[in-house]
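Just so we're clear, the structure is a prediction, and the values are computed from it rather than from any experiment.
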Amino acid sequence: MNQTRVRFAPSPTGAPHVGNIRTALFDYLWARHTGPSGKFILRIEDTDQAREVENGLELILDSLRYLGLQWDEGPDVGGAFGPYRQSERLHIYKEHAERLIAQGNAYYCYCTAERLDQMRKDQQARGLPTRYDYHCRDLSAADRAAHERAGDPRVVRLAVPREGKTTLPDFIHGDLTIDNSQVDDQVLLKSDGFPTYHLAVVVDDHLMQISHVIRGDDWIPSFPKHVLLYQAFGWEIPPHGHVPNVLGNDKKKLSKRHGSTSVTQFRDDGYLPEAMLNFLALMGWAYDDKTELFTRDQLIANFTLDKIGHAPAVFDPAKLEWMNGVYIRELADDDLATRLQPYIPQADPATLRALAPFVKTRIKKLSEIVAIADFLFEEDLEYDPQLLIGKGMDAASTSAALRAASATLEKYPEGAFDDEEKIEAELRADAEKLGQKNAQFFGALRVAVTGKMVTPPLMGVMRIMGREKTLRRIARALQLVQ
RNA sequence: GCCGCAUUCGUCUAGUGGACUAGGACGCCGCCCUCUCAAGGCGGAGACCAGGGGUUCGAAUCCCCUAUGCGGCACCA
């Protein structure tokens, strides 16, 4: 019984963006879909010291944790196939590279960076494809020995067959095939002793007994190198699937240019993990023609490889917002209040909890709580007095409205102040008596009490704010309007 | 330049030869509700299925060509 073992193998070069994590999500869902024996493995591809970012690992772990993509094996939790950091597996790659040399599937190359640069320039100038020119592949034994004696730095290159074709069955695209003549003699082991991606993935995927390789389709061009390596080692090639990329609105691969696309940024803006998870799953995967709201468990239950699409998907922030709103509305009030707290630390929990039901249908991300409700948690309001005077109103009618409202509200002592229905009825009667439309009357009152023109329902707001503060603010507004 | 992958409403997508006068969702527009804004309800516009050739009684669905987009062409991943 082959168990499912899939890996997410990012390199710590920055904050993972939604495209990276979408691929991780597919890995995770597939592992979990296959039941308790399915393993989701995190492997860090830190073989490029130059591009590495200080807190790169943390950014990856944070992103995965945010979405609850819990890994079964990885650098921090260990596992039977460690280490899970490629920089700690250097000796393994070296051994394998040497084995390829011994078998004649690879060779040492002593070319300098300068020579390679020049070679590429020449090829470009002549309109030729830029590929290694086999210089060291054809080196005589004597030349080779000379380089060794001189202690010249060397790399290991894959000796790609110059004829024939290489094919990789892909469970998303079907068979991928390319002429070997198009494949470069890739460097496998760099002069600093680190492997390149190509050597490292193949060796690790095999050694870690990865059962399915799921990766972005920007890797398609390098599949022949990997196939050739598997063949040289005499290993079985696990099923591969190149999942479509996630694109920015300009249809280009997602990058920092597209604004905030890092997953942790979405977390910080107040996108719920359950919404993010749901939305990301729909980038390149669809269950049917109708369903698009899925809980984590439903995703796991329904996720299958054959439903992964093959065209790249444009990331649509507007739809994500909508979906986040859906999930926010579904939250229990207590839960919402708890999640809101970090975004508005000065709010006392009881007030926030009381506010939750009002805010629920009005925010699309948690961070919006500040714009919509900060007035509740401030002592003094700052606003343009002009706002008090609404459409078809003037200073006199506004004052009249505020005075009437104040008079009515004053009649309700502390204990009775939360009788929204009764108060509302009476205020409406006030408006009618003044010959004002509800919108005019309540508009003035709204600005007086909140300093804003757009707020949650006024009665609820005044109840939550309390009698004393409400009356004080109306009095203040009355001064401003005169 | 070379090689590869892709191509259904603006966007995410359903669709695997007849059930398609192409379905759903976001967004957009209108109406209803209404103390504002949302949410909610109802309705609407929006895709000649990239184009052209075939195959077939019949094609969004199969084949070929072209176009366009994207990706790769490093001692990056």
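Residue A:Trp322 places its side chain closer to B:C26 than to any other of B:C75, B:C26, B:A39. Ranking B:C75, B:G72, B:G10 by closeness to the A:Asp316 side chain, first place goes to B:G10. The A:Asp218 side chain lies nearest to B:G71 when the options are B:C3, B:G71, B:U36. In this structure, of B:G4, B:A77, B:A25, it is B:A77 that holds the atom nearest to the side chain of A:Trp219. Comparing B:A77, B:U7, B:C37 against the side chain of A:Arg362 picks out B:C37 as the nearest. Of the candidate nucleotides B:C76, B:A14, B:A39, B:A14 has the atom lying nearest to any side-chain atom of A:Ala286. Proximity note for A:Arg329 (side chain, C-beta onward) versus B:A74, B:C26, B:G40: the nearest is B:G40. If you check B:G23, B:A77, B:C5 against the side chain of A:Asp48, the one that comes closest is B:A77. The nucleotide whose nearest atom lies closest to any side-chain atom of A:Ala318 is, among B:C26, B:C3, B:C76, B:C26. Picking from B:C76, B:C2, B:U11 the nucleotide with the shortest atom distance to the side chain of A:Pro129 gives B:C2.
Pair assignment for B:A19: none, as no Watson-Crick or G-U wobble contacts are both less than 3.5 Å. Nucleotide B:A67: paired with B:U7 (Watson-Crick or G-U wobble, both distances less than 3.5 Å). Pair check for B:C62 finds B:G54; Watson-Crick or G-U wobble, both atom distances under 3.5 Å. Summarising the base pairing, B:G72 is matched to B:C2 through a Watson-Crick or G-U wobble pair whose two defining distances lie under 3.5 Å. Across all strands shown, the partner of B:C28 is B:G44, judged by Watson-Crick or G-U wobble contacts whose two distances both fall under 3.5 Å. Partner assigned to B:C49 is none, using Watson-Crick or G-U wobble distances below 3.5 angstrom. Nucleotide B:U36 has no partner under the Watson-Crick or G-U criteria, as no pair reaches both atom distances under 3.5 Å.
B:A19 and B:C3 have their P atoms separated by 40 Å, with the value rounded to a whole Å. The gap from the P atom of B:C9 to that of B:A50 amounts to 7 Å, rounded to the nearest Å. As rounded to the nearest Å, B:C20 and B:U61 have C1' atoms that lie 11 Å from one another. The separation of B:G72 from B:A77, taken at their C1' atoms, amounts to 13 Å, rounded to a whole angstrom. On the C1' atoms, B:U8 is 9 Å away from B:U13, given to the nearest whole Å. Comparing the P positions of B:C12 and B:U7 gives an interatomic distance of 12 Å, to the nearest angstrom.
Within the 4.0 angstrom heavy-atom criterion, no nucleotide atom of any strand lies near A:Glu321. Using a 4.0 Å heavy-atom cutoff across all strands shown, A:Leu458 reaches at least one base atom of the nucleic acid. Residue contacts shown for A:Pro195 are limited to sugar-phosphate atoms, with no base heavy atom under 4.0 Å away. Counting any heavy atom pair closer than 4.0 Å across all strands shown, A:Arg120 reaches sugar-phosphate atoms only and no base atom. Contacts of A:Leu320 with the nucleic acid, taken as non-hydrogen atoms under 4.0 Å apart, are absent. Within the nucleic acid shown, A:Gly284 comes within 4.0 Å of sugar-phosphate atoms alone, with no base atom in reach, counting heavy atoms only. No contact: A:Pro244 has no heavy atom under 4.0 Å from any strand. Counting non-hydrogen atoms under 4.0 angstrom, A:Cys111 reaches a base of the nucleic acid. Looking at heavy-atom distances under 4.0 Å, A:Lys252 makes contact with sugar-phosphate atoms alone, never a base. A:Val155 comes within 4.0 angstrom of a base, heavy atoms only. Using a 4.0 Å heavy-atom criterion, one finds that A:Met323 contacts no nucleic acid atom at all. If you check every strand for non-hydrogen atoms under 4.0 Å, A:Lys364 touches sugar and phosphate atoms only. When heavy atoms are screened at a 4.0 angstrom cut-off, A:His173 is found touching the sugar-phosphate backbone but no base atom.
Classified by interplanar angle (parallel below 30°, tilted 30° to 60°, perpendicular above 60°), the ring pair A:Tyr230/A:His240 is perpendicular. Below 30°, between 30° and 60°, or above 60°: for A:Phe303 and A:Phe26 the angle between ring planes is between 30° and 60°, a tilted geometry.
With no hydrogens or angles considered, no side-chain donor-acceptor pair links A:Gln186 and A:Tyr132 at under 3.5 Å. Donor-acceptor pairing under 3.5 Å is lacking for the side chains of A:Thr177 and A:Asp175. A donor-acceptor contact closer than 3.5 angstrom is absent between the side chains of A:Arg154 and A:His147.
A:Arg157 has a side-chain polar atom (N or O) that falls below the 4.0 Å cut-off from OP1 or OP2 of B:C75. A close approach under 4.0 Å does not occur between any side-chain nitrogen or oxygen of A:Arg22 and OP1 or OP2 of B:C12. In terms of phosphate contacts, A:His310 brings a side-chain nitrogen or oxygen within less than 4.0 Å of OP1 or OP2 of B:U7. Considering only side-chain N and O atoms, A:Lys251 lies nowhere under 4.0 angstrom from the phosphate OP1 or OP2 of B:U7. Checking the phosphate oxygens (OP1, OP2) of B:A77, a side-chain nitrogen or oxygen of A:Thr47 falls inside 4.0 Å. Dashed line: the shortest gap from a side-chain N or O of A:Lys319 to OP1 or OP2 of B:U13 is not under 4.0 Å. The phosphate of B:C76 (OP1 or OP2) has a side-chain N or O of A:Lys190 nearer than 4.0 angstrom.
In this structure, A:Arg99 does not pair ionically with A:Glu95, as no charged nitrogen and carboxylate oxygen lie closer than 4.0 Å. Using a 4.0 Å cut-off between charged nitrogen and carboxylate oxygen, A:Asp184 and A:Arg131 do not count as a salt-bridge pair.
If you check distances only, the side chain of A:Ser11 never reaches the base of B:A77 with a donor-acceptor pair under 3.5 Å. In this model, a side-chain donor or acceptor of A:Ser191 finds a partner on the base of B:C75 within 3.5 Å. Looking at A:Arg51, its side chain comes within 3.5 Å of the base of B:C76 through a donor and an acceptor atom.
Looking only at distances, a side-chain donor or acceptor of A:Arg296 sits under 3.5 Å from a matching main-chain atom of A:Leu67.
Both cation-pi conditions hold for A:Lys307 and A:Tyr287: the charged atom is under 6.0 angstrom from the six-membered ring centre and inside a 45 degree cone around its axis.
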